[in-house]
Amino acid sequence: MVDSIVSAIRSVSGILMLDRSSDIDHNRSVVAFAGSPTAVSEAAFRAIDEASRHINMELHTGVHPRIGAADVVPFVPLSEATLQDCADVAYELGKRVGQELNIPVYLYEAAALRPERKRLENIRRGGYEKLRDTIAIDPALEPDFGPSAVGAAGATIIGARNPLIAFNIYLSTGDIKIAQSIARTIRQSSGGLPFVKALGFLVQDRAQVSINLTDFTQTSLPTVIEAVRSEAYKRGVEIQQTELIGLIPQAALIEVARWYLQLEFLQASQILETQIANSLA
């Protein structure tokens, strides 16, 4: 099924496939691709269409919050593109998905048409089941495009944002309450670290702190990891391993190296592959 979605994306001329990953416990796949605004918009439309044909939300389960088969479609500025360029693409795609696929669409982050929809979690709170049961009667759930009713494909959230780092931290315990407590302590919405979103899950009998770092230039990846390590220690557990979901900017890894290797003045130009790529450009 994921293969068919990837094939739909690849069918668009000018698309560069960057990454794909799937997680059984979260029951969620992430596909990243790049190209011109026209190409990525068309590829995203085909992916949403394909997902809506194969994924039945009435049968879907998983620990990760979700409201639709094509749950969230973010456009991220690369090269000379701006966040506003991405917001414009998100708006046009949202309108097209609502009209042609008859799927409810919510715009978020830089593309949001309502201030309360800037934060993804505000739209997704309660999941597909809540949306299915209340979209027709709750004015707050009226979509930006498409019908005020959901079919088997659910709804789609489309937006524009800067690059984020999605990663999971596994703890040396199977107690989900510890993961949930740590997540609550470190996330911004609960008074924790700026630009950090976090939830606690139980994955394969291990407690997991699932994190989205939305601006690593303001709150670094080492800052988040050490915060989790400290909170885990207070609760008598430790970090067992971490897991990256999707792609990560090189600048974020350089910051990790600066922190843990104490290479205060490390520059991207000192990385072998970077120098080779620059020489070939």
Side-chain angles (χ1 to χ4, degrees), residues 1-2 19-32 51 55-74 108 119-132 154-157 161 164-216 219 221-248 252:
M1 177 264 294
V2 178
D19 185 65
R20 60 177 287 187
S21 62
S22 298
D23 183 280
I24 295 175
D25 295 284
H26 285 224
N27 203 3
R28 189 173 183 83
S29 295
V30 178
V31 182
I55 300 174
N56 185 342
M57 294 304 298
E58 290 295 327
L59 304 177
H60 181 274
T61 59
V63 299
H64 199 285
R66 80 287 183 267
I67 65 169
D71 185 53
V72 57
V73 182
Y108 85 111
R119 297 178 65 88
L120 177 62
E121 59 269 31
N122 289 343
I123 302 172
R124 211 155 50 183
R125 187 170 290 114
Y128 165 76
E129 290 76 15
K130 177 184 177 182
L131 185 67
R132 175 198 61 200
T156 294
I157 306 169
R161 59 161 174 77
L164 65 73
I165 301 172
F167 69 107
N168 301 321
I169 297 179
Y170 290 89
L171 305 174
S172 60
T173 179
D175 189 345
I176 188 175
K177 292 183 179 179
I178 292 179
Q180 292 171 334
S181 175
I182 293 174
R184 189 162 48 248
T185 300
I186 68 167
R187 65 187 176 221
Q188 180 175 1
S189 63
S190 300
L193 296 170
F195 306 102
V196 171
K197 300 180 180 182
L199 292 171
F201 298 122
L202 186 64
V203 177
Q204 296 179 356
D205 298 322
R206 290 191 294 172
Q208 179 197 88
V209 182
S210 180
I211 297 167
N212 278 354
L213 178 54
T214 61
D215 191 340
F216 69 89
T219 298
L221 190 53
T223 297
V224 179
I225 293 173
E226 292 307 314
V228 173
R229 193 187 311 278
S230 175
E231 293 301 324
Y233 179 78
K234 293 176 184 177
R235 294 161 175 81
V237 300
E238 59 186 10
I239 293 177
Q240 194 171 69
Q241 74 178 84
T242 64
E243 173 185 41
L244 180 67
I245 305 300
L247 303 176
I248 185 171

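Residues Val72 and Arg124 meet the side-chain proximity criterion, which asks for heavy atoms closer than 4.5 Å. Two residues are said to be in side-chain contact when any heavy atoms from C-beta on lie closer than 4.5 Å; Arg161 and Tyr108 meet this criterion. Counting only heavy atoms from C-beta outward, the side chains of Leu221 and Phe167 approach each other to under 4.5 Å.
Between Arg132 and Glu129, none of the side-chain N atoms (NZ, or NE/NH1/NH2) sits under 4.0 Å from a carboxylate O, so this pair counts as no salt bridge. Ionic pairing of Glu231 and Arg235 is present here: one or more N-O contacts between side-chain nitrogen and carboxylate oxygen are shorter than 4.0 angstrom.
Using modelled atom types, one side-chain atom of Asn56 and one backbone atom of Glu58 make a donor-acceptor pair closer than 3.5 Å.
Taking all atoms of both residues into account, the shortest heavy-atom contact from Pro65 to Phe201 is CD-CZ, 3.9 Å. The two residues Ile245 and Ser21 come nearest to each other via the heavy atoms CG2-OG, 4.2 Å. Of all heavy-atom pairs spanning Ser22 and Val2, the tightest one is OG-CG2, 4.2 Å. Pairing each heavy atom of Asn168 with each of Ile211, the nearest pair is OD1-N, 4.2 Å. Summarising the geometry of Pro194 relative to Thr219, their closest heavy-atom pair is O-OG1, 2.7 Å, with the distance given to 0.1 Å. Of all heavy-atom pairs between Ile157 and Ile123, the closest is CD1-CG2, 3.8 Å.
Remark: Gln240 CD to Gln208 CD distance equals 12.0 Å, nearest 0.5 Å. The CG atom of Leu171 sits 11.0 Å away from atom CG of Leu202, with the distance rounded to the nearest 0.5 Å. Remark: Ile178 CD1 to Thr173 OG1 distance equals 4.0 Å, nearest 0.5 Å. Note that CG of Leu213 and CD1 of Ile165 are 5.0 Å apart. Values are rounded to the nearest 0.5 Å. Gln180 CD to Thr185 OG1: the interatomic distance, rounded to the nearest 0.5 Å, is 11.5 Å.
Among the candidates Ile55, Asp71, Thr61, the single residue satisfying the side chain to side chain contact (heavy atoms under 4.5 Å, CB included) test with Arg66 is Asp71.
For residues 168-194, no residue pair satisfies the salt bridge (Lys or Arg N to Asp or Glu O under 4.0 Å) rule, not counting sequence neighbours.
For Glu238, the CD atom sits in a loose shell: 12 or fewer heavy atoms of surrounding residues, nucleotides or ligands are nearer than 6.0 Å.
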message = What verdict does the side chain to side chain donor-acceptor pair (under 3.5 Å) test give for Gln241 and Arg206, after you've listed the backbone C-alpha separation in whole Å, the side-chain angles of each residue and the deciding distance to 0.1 Å?
response = CA-CA 11 Å; Gln241 74 178 84; Arg206 290 191 294 172; 3.0 Å; yes

Side chain to side chain contact (heavy atoms under 4.5 Å, CB included) between Ile182 and Ile169, worked out = CA-CA 11 Å; Ile182 293 174; Ile169 297 179; over 6 Å; no

